[in-house]
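Take a look at the structure below.
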Amino acid sequence: EGFDGDEVAVRVGDEVVFSSTEVTTRPQIGVAQRVTIDVPAGEVVLSVEVASRGAAADVPVEVRDGTHVGISIVGDQVVHRTAGEPFRYA
């Protein structure tokens with residue numbers, strides 16, 4: 001949530017796993033983008049950069065089968081949440 005024409009990149013290690021120059025939250029459902037990435041089980045750090053806002057965060061995630069990560073931008077802060085099942089949006 002909170003994206004408005006933002007440039008976003010997500011890395012796992014040195015690999016860019018997602019990159020887009022026009023990420024915008026759809027207000028009807030509160031979702032900007034859904035992306036599936038394959039990473040090994042265990043501790044993974046997602047490096048999230050929202051270049052258009054000068055914001056970045058390293059997001060540590062304990063990956064298990066079915067782990068879901070939600071990334072939002074609040075002001076100029078990258079925030080996240082994790083869940084064991086898909087997030088329910090309106």
Side-chain angles (χ1 to χ4, degrees):
E1 290 187 43
F3 296 96
D4 186 11
D6 290 300
E7 181 179 349
V8 179
V10 179
R11 292 177 176 77
V12 175
D14 293 331
E15 181 182 357
V16 176
V17 295
F18 173 78
S19 179
S20 180
T21 57
E22 285 293 322
V23 177
T24 298
T25 300
R26 294 174 26 204
Q28 304 89 337
I29 61 173
V31 174
Q33 186 88 35
R34 286 192 174 120
V35 178
T36 300
I37 58 174
D38 291 320
V39 295
E43 182 75 21
V44 172
V45 176
L46 301 177
S47 296
V48 180
E49 179 183 12
V50 184
S52 52
R53 308 249 190 140
D58 287 336
V59 178
V61 178
E62 183 64 35
V63 177
R64 299 184 191 118
D65 188 35
T67 298
H68 297 265
V69 180
I71 303 290
S72 298
I73 187 91
V74 178
D76 289 335
Q77 295 281 101
V78 175
V79 297
H80 75 282
R81 63 185 175 135
T82 59
E85 59 186 39
F87 298 108
R88 298 179 191 266
Y89 295 101

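Quick caveat: nothing in here was measured; it's all calculated off a predicted structure.
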The side-chain hydrogen bond (donor to acceptor under 3.5 Å, both in side chains) partners of Thr24 (sequence neighbours excluded) come to none
What residues, two or more places apart in sequence or in another chain, satisfy side chain to side chain contact (heavy atoms under 4.5 Å, CB included) together with [X]?
X     : value
Glu22 : none
Val39 : Val12, Ile37, Val44, Val63
Val16 : Arg11, Ser19
Ala55 : Val50, Arg53, Ile73, Val78

Side chain to side chain donor-acceptor pair (under 3.5 Å) pairs touching residues 65-75, sequence neighbours excluded, are none
Would you give the length of the straight line joining atom [atom1] of [X] to atom [atom2] of [Y], rounded to the nearest 0.5 angstrom?
X     : Y     : atom1 : atom2 : result
Gln33 : Phe18 : CD    : CZ    : 4.0 Å
Ile71 : Glu1  : CD1   : CD    : 12.5 Å
Asp58 : His80 : CG    : NE2   : 11.0 Å

Just checking Gln77: does its CD atom have more than 12 heavy atoms from other residues, nucleotides or ligands closer to it than 6.0 angstrom? no
Contacts of Glu62 meeting salt bridge (Lys or Arg N to Asp or Glu O under 4.0 Å) (sequence neighbours excluded), chain-then-number -> none
In the single-linkage hydrophobic clustering (I, L, V, M, F, W, Y; side-chain heavy atoms under 4.5 Å), do [X] and [Y] co-cluster?
X     : Y     : value
Val45 : Val69 : no
Val31 : Val8  : no
Phe87 : Val61 : no
Leu46 : Val79 : no

Correct closest heavy-atom pair for Gly2 and Thr25 would be N-OG1, 3.1 Å
Contacts satisfying salt bridge (Lys or Arg N to Asp or Glu O under 4.0 Å) that involve residues 36-46 (not counting sequence neighbours) are none
